[in-house]
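Note that ligands are numbered from 1 as they come in the structure, with each ligand's atoms numbered from 1 the same way. Throughout, residue positions are numbered sequentially from 1 according to the sequence presented.
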Amino acid sequence: MRKPFMAANWKMNKTSRETEEFINTFIPLVRDISDVDILIAPTFISLETASRLLKSSNVLLGAQNVYHEESGAYTGEISPDMLIAAGCSHVIIGHSERREYFSETDEVVNRKIKLARSKGLEVILCIGESLEERESNRTFDVLSGQLSGSLADLSLDGITIAYEPIWAIGTGKTATDEQANETHAFIREWLGKHRENADRVRIQYGGSVKPENIEGLMSQPEIDGALVGGASLKPDSFAKIAAGASGK
Ligand code: 13P
């Protein structure tokens, strides 16, 4: 059995004050949900505030990115040790926005995961195809390439995969439940062919997830949770999404 895992990726939203307001409202809404892992990934600058407020709650804390060196002259970057010191247990790596706007390659993603894992951080690895790649029937090739490059020389310990079709991110277009499930099944099959313990890996879906579509997505056998952007910015909306995974 894989425990459902619902994660909020806030992207470049919310000041520390807004993070505090969200968390104070959110914690009571999800206090009784014990059969779902729930995580919030605010911006770096709000991590310590979030960590203080989430202590002794059932909500985990993650970062949205990390650098692939331990320390040194890398202006503007943040190391795994800093994330751990700020209270993070998880980090999101390889989001399509990082790949697109910050030129992150699978090789860079692989280096980030290796360092993060060596320090004990759990990783949410994002993969996904563009609309053009899907329409030209290259989805599975693209995903295989991202998986083999990002996971080179790594086991699946401490890794969650987030399948986020780029065409569904922030567009209001969700993959259908069946489309998402089929792609998740492909990802698990790839993992099973190349690594041990693929059946234990949680695969989240991401891309316009909201309270209205979470139950359909979670009813699919290969969908173990969601990585949520826009609909995670309001406490009641993200609480409904988390509750939608309860009982699976
Ligand atoms: P939206 O939920 O806003 O489509 O974003 C998805 C995403 O990119 C989460 O990482």
Side-chain angles (χ1 to χ4, degrees), residues 4-14 18-19 22 26 36-44 46-47 50 59-66 83 88-102 104 109 112-113 116 121-131 133-134 139 142-143 146-147 150 159-177 179-180 183-184 187 202-218 220 223-245:
F5 185 12
M6 302 310 235
N9 174 12
W10 283 354
K11 309 190 180 184
M12 197 174 72
N13 291 292
K14 294 195 191 294
E18 289 163 345
T19 299
F22 177 104
F26 183 67
V36 178
D37 283 336
I38 303 170
L39 176 138
I40 292 173
T43 63
F44 287 138
S46 298
L47 287 174
V59 180
L60 301 162
L61 183 64
Q64 299 173 19
N65 183 31
V66 68
L83 296 185
C88 291
S89 55
H90 288 70
V91 59
I92 299 169
I93 296 181
H95 193 280
S96 60
E97 289 150 15
R98 303 271 342 148
R99 294 174 187 263
E100 183 180 352
Y101 306 134
F102 304 95
E104 281 191 15
V109 169
K112 290 185 174 197
I113 300 175
L121 282 168
E122 302 221 2
V123 168
I124 298 177
L125 163 63
C126 301
I127 58 170
E129 82 287 0
S130 66
L131 185 59
E133 288 161 346
R134 176 160 283 266
T139 299
V142 169
L143 298 177
Q146 290 174 338
L147 287 168
S150 306
I159 293 193
T160 295
I161 307 282
Y163 166 60
E164 300 204 307
I166 295 166
W167 48 272
I169 296 178
T171 58
K173 278 190 207 161
T174 334
T176 64
D177 302 344
Q179 239 173 359
T183 313
H184 282 219
I187 292 167
R202 291 184 290 189
I203 306 178
Q204 297 172 322
Y205 170 79
S208 299
V209 171
K210 39 189 185 268
E212 295 75 36
N213 59 22
I214 190 62
E215 285 187 23
L217 288 162
M218 289 306 296
Q220 299 290 325
I223 300 182
D224 306 314
L227 183 56
V228 189
S232 72
L233 294 170
K234 294 225 165 73
D236 56 334
S237 162
F238 188 48
K240 276 187 199 142
I241 292 172

Inset, instruction - Compare every heavy atom of Val59 with every heavy atom of Phe26, then report the nearest pair and how far apart it is. - result: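 Taking Phe26 first and Val59 second, the nearest heavy atoms are CE2-CG2, 4.0 Å.
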Inset, instruction - Determine the minimum heavy-atom distance between Pro42 and Leu47, stating which atoms define it. - result: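 Reported closest heavy-atom pair: CD-CD2, 3.8 Å.
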Hey, does [X] sit under 4.0 Å from ligand 1 if you only count heavy atoms?
X: Ala168; result: yes
X: Gly207; result: yes
X: Lys11; result: yes

Report yes if some N/O of [X] lies less than 3.5 Å from some N/O of ligand 1; otherwise report no.
X: Ala231; answer: no
X: Gly230; answer: yes
X: Glu97; answer: no
X: Thr171; answer: no
X: Gly229; answer: yes

Inset, instruction - Give a yes or no on whether the backbone of Val109 and the side-chain of Arg98 come within a donor-acceptor separation of less than 3.5 Å. - result: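 No: the side chain of Arg98 does not pair with the backbone of Val109.
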Inset, instruction - Measure from the side-chain N and O atoms of Lys14 to the backbone N and O of Leu233, and report whether any donor-acceptor pair falls under 3.5 Å. - result: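 Answer holds: yes.
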Legend entry - Residue pair Thr43, Gln64: steps toward the side-chain contact (heavy atoms from CB on, under 4.5 Å) verdict: CA-CA 7 Å; Thr43 63; Gln64 299 173 19; 4.3 Å; yes
Inset, instruction - Starting from the C-alpha separation in whole Å, work towards a yes-or-no answer on side-chain contact (heavy atoms from CB on, under 4.5 Å) for Arg99 and Ile166. - result: CA-CA 11 Å; Arg99 294 174 187 263; Ile166 295 166; over 6 Å; no
Inset, instruction - Go through the steps to decide whether Thr160 and Leu227 satisfy the test side-chain contact (heavy atoms from CB on, under 4.5 Å), and finish with yes or no. - result: CA-CA 11 Å; Thr160 295; Leu227 183 56; over 6 Å; no
Inset, instruction - Quick one: look at Ile169 and ligand 1, take heavy-atom pairs under 4.0 Å, and tell me if it's side chain, backbone, both or neither. - result: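 Both backbone and side chain of Ile169 come within 4.0 Å of ligand 1.
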Legend entry - Nearest-contact summary for atom 7 (C) of ligand 1 - protein heavy atom, Å: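 Ranked first by proximity to atom 7 (C) of ligand 1 is Glu164 OE2, 3.1 Å.
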Legend entry - Stepwise side-chain contact (heavy atoms from CB on, under 4.5 Å) check, Gln220 with His184: CA-CA 10 Å; Gln220 299 290 325; His184 282 219; over 6 Å; no
Legend entry - Ligand-residue contact atoms, ligand 1 with Asn9, heavy atoms, under 4.0 Å: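 This gives 9 (C), 10 (O) as the contact atoms.
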